[in-house]
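Notes to accompany the following structure.
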Amino acid sequence: MPVSIQSVIGGEAQAYRALADMVSTTLRVALPGIIQSFDPDTVTCVVQPAIKGSVRNASGQPVSQALPLLVDVPVVFPRGGGCTITFPVKKGDECLVIFSDRCIDFWWQNGDVQEPVDPRQHDLSDAFALVGPQSQKEKISAISTEALQIRTDEGQAFIELKQSGEVNITTTRLTLNGNLHVNGDITSTGDQTAAGISQIDHVHGGIQSGSSYTRGPQ
């Protein structure tokens with residue numbers, strides 16, 4: 001029995017569609033993840049992809065399934081010019097996982113320009129983790145719309161830089177390690193203590209009682 005042109009075209013179209021589906025399901029670009037652990041020595045983490053994948057069962061039907069843990073994932077911190085902004089990465093932190101076009105193994109081990117040791121592309125093995133994306137469940141609140149802030153999630157401590165040039169620091173305790181040099185006036189609403197001596201409550205010895213004042217500082 002002859003085969004109709006429509007059935008041949010339909011068969012080819014279905015084959016191409018199946019091929020396209022297979023390619024797209026194995027192609028990884030980016031997806032949210034959840035940090036499982038962080039290694040500060042290797043600057044890598046273990047990530048659980050937060051979007052499930054799909055596999056086909058024995059009947060050929062798609063079945064939802066969690067993707068495997070991603071291990072030895074390099075964590076991306078803002079860095080350049082010999083300076084780096086770091087922050088503690090904890091289990092449960094949300095992140096964005098992006099996947100390299102090519103195998104990153106040799107580059108990760110040695111830096112510089114390297115050959116891809118494996119022909120894989122957009123693979124789960126070649127991920128980077130950008131910590132910071134927020135789901136509605138984990139999002140922070142009270143984000144300033146007027147200033148850049150480096151802050152704790154709860155907003156109790158922050159460094160704030162305004163467009164006007166003002167810099168504000170809010171904290172329960174500020175510690176400076178090193179010498180402090182100020183070009184300008186210092187205004188304080190509280191006391192200052194130097195070598196255990198209060199600026200407000202200190203006294204001068206060797207002074208006779210009377211209405212005279214001590215001389216100015218020398």
Value rounded to 0.5 Å, distance of [atom1] in [X] from [atom2] in [Y]:
X	Y	atom1	atom2	value
Thr44	Phe128	OG1	CZ	12.0 Å
Phe99	Leu124	CZ	CG	5.0 Å
Thr175	Arg173	OG1	CZ	4.5 Å
Ile51	Leu67	CD1	CG	9.0 Å
Asp191	Ile197	CG	CD1	11.5 Å
Glu146	Glu166	CD	CD	10.5 Å

Atom of Ala129, atom of Cys45 and distance for their closest heavy-atom approach: CB-SG, 3.8 Å
Tell me whether Phe158 at atom CZ has more than 12 heavy atoms from other residues, nucleotides or ligands lying less than 6.0 Å away. yes
How about Glu115: does its CD atom have over 12 heavy atoms from other parts shown lying under 6.0 Å from it?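 Open.
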So, Asp153 and Lys139, do they make that salt bridge, N to O below 4.0 Å? no
One thing to verify: whether Asp123 and Arg28 come together as a salt bridge, which I'm taking to mean a side-chain N less than 4.0 angstrom from a carboxylate O.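 Salt bridge: no.
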Please walk me through it: do Arg120 and Asp105 pass salt bridge (charged side-chain N to carboxylate O under 4.0 Å, His left out)? CA-CA 11 Å; Arg120 63 182 183 255; Asp105 289 354; 3.1 Å; yes
In terms of side-chain heavy atoms, does [X] have a donor or acceptor partner in [Y] at a distance below 3.5 Å?
X	Y	result
Thr170	Glu160	no
His181	Asn183	yes
Gln48	Gln36	no
Glu154	Thr152	yes

For Gln149 and Ile143, what are the C-alpha separation, side-chain angles and deciding distance, and is it a side chain to side chain contact (heavy atoms under 4.5 Å, CB included)? CA-CA 9 Å; Gln149 289 187 341; Ile143 294 177; over 6 Å; no
